[in-house]
Amino acid sequence: NSDTGGDAGTGGDDKLVLGFSQVGAESGWRTANTTSVKEAAAEAGIELKFDDAQQKQENQIKAIRNFIQQKVDVIAFSPVVESGWDTVLKEAKDAGIPVILTDRAVDSADKSLYKTFLGSDFVKEGRLAGEWLVEETKSATGPVNIVELQGTTGSAPANDRKKGFGEAIAANPNLKIIASQSGDFTRAGGKAVMEQFLKANPKIDVLFAHNDDMGLGALEAITAAGKVPGKDIKIITVDAVKDGMQALADGKFNFIAECSPLLGPQLMDLAKKVHAGEEVPPRIETEETTFTQQTAKEALPTRKY
Amino acid sequence: MSDTRPVLTMTAISKFFPGVRALDGVDFRLFPGEVHALMGENGAGKSTLIKVLTGVYGHDTGAITLDGQPVSFSGPMEATEAGVSTVYQEVNLCPNLSVAENIFIGRQPRRLGAVRWRDMRRRASALLARLNLDLDVGELLGNQSLAVQQMVAIARAVDVQARVLILDEPTSSLDADEVKQLMRIMRQLRDEGIAIVFVTHFLDQVYEIADRITVLRNGRLVGEYPTAELPQLALVEKMIGKELDALERLDEQAGRDLAAVETGTPVVEATDLGKAGSVEPFSLTIHRGEVVGMAGLLGSGRTEAARLFFGADRADRGRLAVDGRPVSIRGPIAAIERNIAFCSENRRTEGLVGELSVRENIILALQAARGWLRPVPRRRQDELVQRYIEALSIRPADPEMPVRNLSGGNQQKVVLARWLITEPRLLILDEPTRGIDIGAKAEIQRLVVQLSDGGMAVLFISAELEEVLRLSHKVAVMRDRQLVTELANDDSLDADRIMRVIAGGAEQKDGTRHE
Amino acid sequence: MGSWRRGLPAVTGHRLFWPVVVLVLLLAANVVYRPSFLAVEVKNGHLYGSLVDIVRLSAPLILVALGMTLVIATGGIDLSVGSVVAVSGAMACLHISRQPDQNNLGGVLVALAMAVGIALLLGIWNGTLVAVIGIQPIIATLILMVAGRGLAQLITSGQIITVNSDPYRMIGVGHVLTLPFAIVLALAVTLLVAVLTRRTALGMIIEAVGGNSEASRLAGIRARRIKLLVYVVSAVCAAVAGFMMTANVSSADGNAAGLWVELDAILAVVIGGTSLAGGRFYLGGTVVGALLIQTLTTSVYAMNIDPQTALLFKAMVVIAVCLIQAPAFRAKFWRRRTSAGSPAAPAGEQRKEQVAA
Amino acid sequence: MSTTQLSERLHGATRWRLPRRQLPVLVSLGLLLVMYGIGVSQYRAFSNIQVIFNVFIDNGFLLVVAVGMTFVILTGGIDLSVGSVVAMTAMVSAALLRDGLPPALVLLIALLIGPTLGFVMGCVIHFFEIQPFIVTLAGMFFARGLCTWISSSSIPITDGFWTSAAQERIRIGDNFVTVSVLITLVVVAVAAYTLAYTRLGRNVYAIGGNQQSALLMGLPVGRTRIAVYTISGLCSAIGGILLSFYTLSGAPLIAVGMELDAIAAVVIGGTLLIGGAGYVLGTVLGVLVLGVIQTLITFDGTLNSWWTKIVIGGLLFAFIVLQRLLGFRKKSFSTR
Ligand SMILES: Nc1ncnc2c1ncn2[C@@H]1O[C@H](COP(=O)(O)OP(=O)(O)OP(=O)(O)O)[C@@H](O)[C@H]1O
Ligand SMILES: Nc1ncnc2c1ncn2[C@@H]1O[C@H](COP(=O)(O)OP(=O)(O)OP(=O)(O)O)[C@@H](O)[C@H]1O
Ligand SMILES: [Mg+2]
Ligand SMILES: [Mg+2]
């Protein structure tokens, strides 16, 4: 996407202005996402108005209103929650400012309120994780006990990943989730919950963690309990941040469904297109993949985040 | 009067607090149109009896009737509604509200549910004028002196169309003139048929106004007597419970040699000390072994002046010398380091830490002076505390009781004890005998004499001129926040003369102290 | 028998009786759910079991709550402890992660010293706002609660800083004499604070300032200095807790570390019997309160309570503890069961009076 | 009310004197204007009237909640449950509307839950003498727990009444406000009137001044204390409805930490946390201050996530210190 490099935006005042409202800085993933957007904007010669909503929908709506007041050219945002955007998006539409969603979708019935959605599909991530497990345990005869570390209760990634994973493993009746608890997407949470899982359940075969951080926390608990992660207990996570990839490469994790934060370049591309009035597909999924221990080793040296 | 039916009876009332039998089978009758004095030493149970009556406390046994009907109030609100209006000991008003509102809150004049502010202020002014009090009723109550607050509390209680009016030590912080106004109002109300319960430690006031006296001692009823049939001495004996003649002892002290004061370098010497908007510059010296009395009307600035000596407020002009050496007293700590002690008139907000025990409260200043790293050894604490509990007869004599559970007078003694154990060279006593029973008052006066004989310098502030006269070597008189004169306490000095000095410009009285 | 009779009210009337009862009940519920809950075994020479986990995990909470107890005793409150946890943890981890040899004890000690130094500054900041400028404690510390998190993320650049340092890990997951080091450390700090406040006059002075600040000042206590001090102590306690929390997972997360720990700490203090109005404080009670809260959290995991209802469960237990602990509630409850006018009744009234005198 | 009372007092006084009790509010107002001036001078679009309207549109629910909090804080209490009650109300409305209940009934139910919880908390606080902080903290857990219990994901609202209430624009010249703003203003006016001109309101101040005294003065202390928590619950419920207008959905994690914003707004508005002094008008200013700070930061648009937090903290600090220094209040009335 380097074709945008020498765009007309260099003409000082008529630089394209993009208002971007970020969820917050609640995780390393999110920070990488922010960095990617900022770097890409600088590279593409787009003036970025950045706003951090600190995980509050109210703040995001306020930010969008202010963007409208400032008459930015394009608005992009990662919605904190799915619902509740119609009113403010209508205002943007009335003001003639195109909107791009990133990372998370909204559930508006009126699809004309935004131009496009750019991001990953959390349900799909869960499903990919589940499908890998189904494949992996094809030959298993007895029951396979799974414990699940959920993300923050009520958050969209947690809900969707749980859903996708559940749907996928339904394919094999041997697979059973014996315990599921929220670890709040944090290492400390993952560790504390896993400690109790281990004590309550003598036989755990698989851990599914909704993100790498909880998986990494759980890793410590598993080691402390005298078990071998990756062997005694197979670990599946989502995200593929650096520490997670390292653990995967080291054989401590078994599988990661990637959820890439590097949306920046794609977003800038899209911003220019919608500003120019070009047609864009209504839904663009980030290029994402999955990693096994083998592929992780290969990918690790070139990982950016 | 006993031919009419009592408006209020309390029979066999008992009230236990953990570890304390505050009331034990007390009977009490109150007739319409009488002023009934409730007497007893500190901690005798007077305030508790009143609080039981108005439902602040529940009682463990006994019965109460009002107009022959058995009643049991669940709280002051019900009591007020039933026509029992009360001024509790210690001013209980809201400092954050205006004077007018404090008088009328809960029964503000309204139209269509809306409070009529202007009307309320007008009526408040009128009511206070009846008590000879002229002040801006829109001012915050918290900015008024304790005495004004006391008057406001009285005004509030008096204005309610009550059948029973209870006044728990209303006069303790009033000056002679204020007391006169109050007495006038009380007589007027009595003549309207209202029954008044009157608690005080001033015997003169009792004999001036009370028709009947009930005496309590240690939570028990001693008896009920018509005032005319109970001579003053007998009353004191009944209160104290032994034939110890407190009054005579007081008289003995009056005969002390007031001339025998050391001269030489004064312990403290204030030169043009003052604080803008608070006290005009004044000069005053206090010598070793000298008691300097301070007289003046309410709000004449005695407290403010005393606070400057102690650094509780910081003087913004003038000099202060201790032992002839100029010092700058920037705060209480600097004063304490120079062995100055200050017993505040306002024990509840400036004196005690209610939650801490008697022992801790007594030890506090000494401990603060030593620094936290050198705790007073427990054995020594117990020793000191025990000594002063006995010396000042603090009751109950339990050093570990939270000080908020003590009766008002006993709390005052605790504050005094706190400063005495620091063995100060200058002791500032601001109304130390307020709310203290006659025995304890004698005790404190004796102590002052003893301490000054031992070389301590004392600044003694009191609304009671007799007391000031009895103890002081010289009397400083304040008026309108100015020290107007110093009078040597020789034979020619008497209360009348001081009054005349005070009255020199008395038309401008308290409440109107704004420039 | 007779002495037992007499002893009983003394025991049930004790401040800590009900929190301890609830603690025991919670543990019992866990045992019913999973009989092996109380089992403690020695694994690799370390004690291992849910009970050990609970105590180990409550160690940082105990530390934060200890500092909070002193702050509350002066009539204040410190909302910024969570942020201080994050800042100090981030600072220590950042410095360690930059070392060429992360296992070098000297480097770790320097990192800890730096982090404690920052915590000191933050404590002084809070204390100055409250004691010198006279801002109300909730708001004064709210400022740092908001800005401190930003500071922590500034230090970590919004990333999670992973460290690989054995000496640092020691603080969180290490063992001494089979006991988790965190427990030993919390115990040591508790003892230190207890000795500092109860063997010297500091405790009484703090209580005096909390009970009546003006009266204390007039009695010659440097009330401001004491107030400043407690915020500093609170910040330092939070810093040590920050080391524990970050060492526990060998990583510093500027956003998540110590999130909402201030609420848990305040709860612990109150359950322990210290009044939010200031005055008397009880360190032992605070420790029990912290243990109770951690047990509650761990129970949710151990009993696999649905995360959707976990908060409801927590609300129920908290209110239950506070209710049965409240003298007024007990008085009303008692009266119904025993004859009217029993000596237990006036307890409520006595409390009412607290404000009076 | 504060204004009427203010002018009345100024007229009533024979000589001019500093309205000491209103000073903190006046200082807040002054500082707010200064902040606004800075915004206008820095960003061209800031001077649009709509920016001001947006502050009201975007903070209406917070304002309503903060007004309820003002009542509680004036009595010297605190209510930590408001954020969760707001979320719960929105959640319940969304869930009931999804189930097809008529909007009027939903509105009624939603407006009843908050006050009921407030009433219960008030009773526990008063009768069992448990500290408000703890009771309302438990209430906060409880209401938030109910949210996730109802649904762990957000529920959109498609009901016609709700959407029209949400999207109706009331034009004022070129600019507009929403229905929520009008509701907010009504709540503010009613609250201000209640505090200044009803016995209930005055009792609130008395209790904040000294609860024990208020009791001994024969005021209905218990009733009033329970009432303020009920009022706070009601305001939170109204806030919840406004928020559901605002977002047209109910989400379990919405309004987390709103209690702190509300407390901050109340205090910035010059109300004392120990109770007894403060005005609704001050609270309005406090909310505006928070709103303007946020608007400034969005307009700037260059701040990093963490710098955003640091700057918010810094601005809060500057504001509070300035207010403290300018509105220096005599330590006047005796503490309790
Ligand atoms: N709330 C309480 N808890 C425990 N003991 C109390 C409480 N209130 C009063 N007491 C005790 O009850 C006894 C009677 O006190 P009370 O206040 O009635 O005395 P009093 O006659 O009014 O004295 P004073 O003249 O000093 O005001 C005292 O021993 C006091 O310590
Ligand atoms: N900061 C202030 N603002 C307004 N009035 C004040 C202030 N400080 C003190 N006053 C008033 O100034 C007067 C002088 O008070 P002070 O307490 O010194 O008088 P006093 O002679 O000791 O009277 P009392 O017998 O009531 O103790 C009081 O009426 C008090 O209310
Ligand atoms: Mg009394
Ligand atoms: Mg005085």
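Order of the sequence lines sets the chain letters (A, B, ...), proteins ahead of strands, with each chain counted from 1.
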Asker: Taking C/Gln136 for the side chain and D/Leu272 for the main chain, is one N or O donor matched with an acceptor at less than 3.5 Å?
Answerer: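 No, C/Gln136 side chain to D/Leu272 backbone: no donor-acceptor pair under 3.5 Å.
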Asker: What option among C/Gly158, C/Ala277, C/Ala310, C/Gly254 has the most heavy-atom pairs under 4.5 Å with chain D?
Answerer: C/Gly158
Asker: With only heavy atoms counted, which part of C/Asp306 is less than 4.5 Å from chain D, the side chain, the backbone, both or neither?
Answerer: neither
Asker: Do C/Lys227 and C/Ser213 come within less than 4.5 Å of each other through their side chains, counting heavy atoms only?
Answerer: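 Yes. Closest side-chain heavy atoms under 4.5 Å.
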Asker: For D/Val266, which atoms come within 4.5 Å of any heavy atom of chain C: side chain, backbone, both, or neither?
Answerer: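 For D/Val266, there is no contact with chain C at all, as no heavy atom is under 4.5 Å.
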Asker: Say whether, by atom type as modelled, one donor and one acceptor occur between the side chain of D/Ser213 and the main chain of D/Gly209 under 3.5 angstrom.
Answerer: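 No, the answer is negative, given that no donor and acceptor are paired below the 3.5 Å cut-off.
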Asker: Counting a contact as any heavy-atom pair under 4.5 Å apart, which residues of residues 285-295 of chain D contact chain C?
Answerer: none
Asker: Can you check whether D/Leu219 reaches D/Thr224 side chain to side chain, under 4.5 Å on heavy atoms?
Answerer: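 No, their side chains stay 4.5 Å or more apart.
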Asker: Give the member of C/Ile139, C/Ile266, C/Ile319 that has the highest number of heavy-atom pairs under 4.5 Å with chain D.
Answerer: C/Ile139
Asker: Using a heavy-atom distance cut-off of less than 4.5 Å, which residues of residues 142-152 of chain C contact chain D?
Answerer: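 Those residues of residues 142-152 of chain C which have a heavy atom under 4.5 Å from chain D are C/Leu142, C/Ile143, C/Met145, C/Val146, C/Ala147, C/Arg149, C/Gly150, C/Leu151.
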Asker: Quick one: which of C/Ile138, C/Leu79, C/Val318 has the most heavy-atom pairs under 4.5 Å with chain D, could you say?
Answerer: C/Ile138
Asker: What residues of residues 123-133 of chain C sit under 4.5 Å from chain D when you count only heavy atoms?
Answerer: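 Residues of residues 123-133 of chain C touching chain D at under 4.5 Å: C/Trp125, C/Leu129, C/Ile133.
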Asker: Indicate whether any N or O donor in one side chain lies under 3.5 Å from an N or O acceptor in the other, for C/Thr69 and C/Thr274.
Answerer: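 C/Thr69 vs C/Thr274: no donor-acceptor pair found between side chains.
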Asker: Identify which of D/Ile263, D/Val124, D/Leu146 forms the greatest number of heavy-atom pairs closer than 4.5 Å to chain C.
Answerer: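 Among the listed options, the one with the most contacts to chain C is D/Leu146.
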Asker: Who wins among D/Ile268, D/Leu260, D/Ile312 for the most heavy-atom pairs under 4.5 Å with chain C?
Answerer: D/Leu260
Asker: Report yes or no: do C/Gln294 and C/Thr298 form a side-chain donor-acceptor pair below 3.5 Å?
Answerer: yes
Asker: Rounded at 0.5 Å granularity, tell me how far CD in C/Gln159 sits from CD in C/Gln153.
Answerer: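 C/Gln159 atom CD to C/Gln153 atom CD measures 10.5 Å (nearest 0.5 Å).
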Asker: Under a 4.5 Å heavy-atom cutoff, which of D/Phe127, D/Phe142, D/Trp306 has the most pairs with chain C?
Answerer: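 Between D/Phe127, D/Phe142, D/Trp306, the count favours D/Trp306.
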Asker: Which residue out of D/Thr308, D/Leu316, D/Val311, D/Val267 racks up the most heavy-atom pairs below 4.5 Å with chain C?
Answerer: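 The answer is D/Val267.
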Asker: Is there a donor in the side chain of C/Ser275 and an acceptor in the side chain of D/Gln131, or the other way round, less than 3.5 Å apart?
Answerer: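 Note: C/Ser275 and D/Gln131 side chains meet the donor-acceptor criterion.
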Asker: Does C/Tyr301, at its OH atom, have more than 12 non-hydrogen atoms belonging to other residues, nucleotides or ligands within less than 6.0 Å?
Answerer: yes
Asker: Please check if the number of heavy atoms outside C/Tyr282 that lie under 6.0 Å from its OH is greater than 12.
Answerer: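 For C/Tyr282, atom OH is crowded (more than 12 foreign heavy atoms under 6.0 Å).
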Asker: Quick one: ring-ring contact (aromatic ring centres under 6.0 Å, His included) partners of D/Trp149, sequence neighbours excluded?
Answerer: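 D/Trp149 satisfies ring-ring contact (aromatic ring centres under 6.0 Å, His included) with no residue once adjacent residues are dropped.
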